[in-house]
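Throughout, residue positions are numbered sequentially from 1 according to the sequence presented. Note: hydrogens, waters and symmetry copies are ignored here, and every other heavy atom, side chains too, is used.
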Amino acid sequence: MPEPALMPEPTGSALPRPRERRLPGPRIAPWRRTVRYWVSRIAAAAIVRAWLRPRLEGRERLPAGPAVYCFNHLNWIDPFVLMATLPMRPRLYFFGPKEEDMARGGRNRLMSWTGAAVPYKPGKNDLLEATRLVQSVFATGGVLAIAGEGRIHARESELLPISEGAAFFALRGNVPLVPIAINGTSWLGFGGRARVQGGQPIEAAGRPTHEAISTLTARVTADLRALVADQPDVPRPGRIGRWVTDRFNDWPEGSRPSSNS
């Protein structure tokens, strides 16, 4: 779940008018979108809970309205763990993937079908359209989840540098920025425990200037690091568990780092 590069704030006529507003995914009737959302959430919960024992902590801290959720990223299954544990409302969307064509590949087509993904193309020209889609998510009461590190890693207590995209979108939409810690997914042994922690929402007010974005990014980084700091590494599972763990992982190095294998 990659992060966008920092971009200038859209101004003037670049902002979407209410009648131009559209949500991510195919242009279908609202009731069909709702059905697909519920089907995808229920299916994700069933699949995840058939293999893991996920639990949510800090549910009472999650905002009841629009927000940006900035989560750490240990495994391909993390978005599905969030779908299995977070409340059904507000409606949950994810920023990413970074793709030229969402019609190519089974995974991309599935994500497009659910309407829960806000994709963006590698070229900078698409960032404005992605921003419009994010604003539409907030305008309809939804929450946007972003993998702040922009890549996976294998240490439960580690946090890679957080990109500025989450802070930008929070400030741009004037919505809270919430750190969400995921632990227990670095290895996926059958019956393993996975914990999702909702942190304290951080107010995001004012214009998305470079200074404001940097300050907010530093704040969510510190809060997220505190949430994962005490987490022990997960024991390496058997052959099947190792296969499930890395079956869909996209390691930047090409494979799981040897020190974590």
Rounded to the nearest 0.5 Å, the CG atom of Asn249 sits from the OG atom of Ser186 at a distance of 10.5 Å
Out of curiosity, Ile182 CD1 to Gln231 CD, how far, rounded to the nearest 0.5 Å? 12.0 Å
Main-chain N/O of Glu156 paired with Asp233 side-chain donor or acceptor, under 3.5 Å: yes
Let me confirm one number: the CD1-CZ distance from Ile180 to Arg61, rounded to the nearest 0.5 Å. 9.0 Å
Tightest non-hydrogen contact, residues Ala116 and Leu92, listed as CB-O, 3.9 Å
Ile77 side chain near Leu52 side chain, heavy-atom distance below 4.5 Å: yes
Is Arg41 reaching over with its side chain to a backbone N or O of Leu86, donor-acceptor style, under 3.5 angstrom? yes
For Gly165, does its backbone N or O pair with a side-chain atom of Ser163 as donor and acceptor, under 3.5 Å? no
Lys NZ or Arg CZ of Arg91 over Trp38 ring: under 6.0 Å, within 45°: no
Residue pairs involving residues 174-203 (criterion salt bridge (Lys or Arg N to Asp or Glu O under 4.0 Å); sequence neighbours excluded): Glu57-Arg195
Contacts of Thr209 that satisfy side chain to side chain contact (heavy atoms under 4.5 Å, CB included) - sequence neighbours left out: Arg207, Glu211, Ala212
Show the numbers, then the answer: is there a side chain to side chain contact (heavy atoms under 4.5 Å, CB included) between Gln197 and Arg59? CA-CA 8 Å; Gln197 286 189 89; Arg59 180 184 179 122; over 6 Å; no
Test your reading of the model: is there a side-chain donor-acceptor pair from Glu149 to the backbone of Leu160, 3.5 Å cut-off? yes
Out of Val81, Thr245, Leu188, Thr185, which residue meets the side chain to side chain contact (heavy atoms under 4.5 Å, CB included) rule with Leu74? Thr185
Could Asp246 and Arg242 be called an ion pair, given the rule that one side-chain N must be under 4.0 Å from one carboxylate O? no
Phe94 vs Phe71 aromatic rings, parallel, tilted or perpendicular, using cut-offs 30° and 60°? perpendicular
Which atoms form the tightest heavy-atom contact between Pro87 and Leu62, and what is the distance? CD-CD1, 3.8 Å
Results of ring pair (Phe, Tyr, Trp, His ring centres under 6.0 Å) for Trp51 - residues two or more places apart only: Phe190
Evaluate whether atom CG of Asp230 has more than 12 neighbouring non-hydrogen atoms of other residues, nucleotides or ligands under 6.0 angstrom away. yes
dist Met83:CE -> Tyr37:OH (nearest 0.5 Å) comes out at 7.5 Å
Around atom CZ of Arg32, are there more than 12 heavy atoms of other residues, nucleotides or ligands at under 6.0 Å? no
For residues 78-89, which residue pairs qualify under salt bridge (Lys or Arg N to Asp or Glu O under 4.0 Å), counting only residues two or more places apart or in two chains? none
Distance from Thr215 atom OG1 to Arg219 atom CZ, nearest 0.5 Å? 11.0 Å
Just to verify, what does Arg36 make a side chain to side chain contact (heavy atoms under 4.5 Å, CB included) with, not counting sequence neighbours? Pro26, Ile28, Trp113
Residues at least two apart in sequence or cross-chain that pass side chain to side chain contact (heavy atoms under 4.5 Å, CB included) with Glu60, listed by chain then number, are none
Working to the nearest 0.5 angstrom, can you tell me the gap between Ile162 CD1 and Ile146 CD1? 10.5 Å
Centroid-centroid distance, Phe138 to Phe169, less than 6.0 Å: no
Do you know the tightest heavy-atom contact between Ser157 and Ala229? CB-O, 3.6 Å
Counting only heavy atoms not in Phe80 (residues, nucleotides, ligands), do more than 12 fall under 6.0 Å from its CZ? no
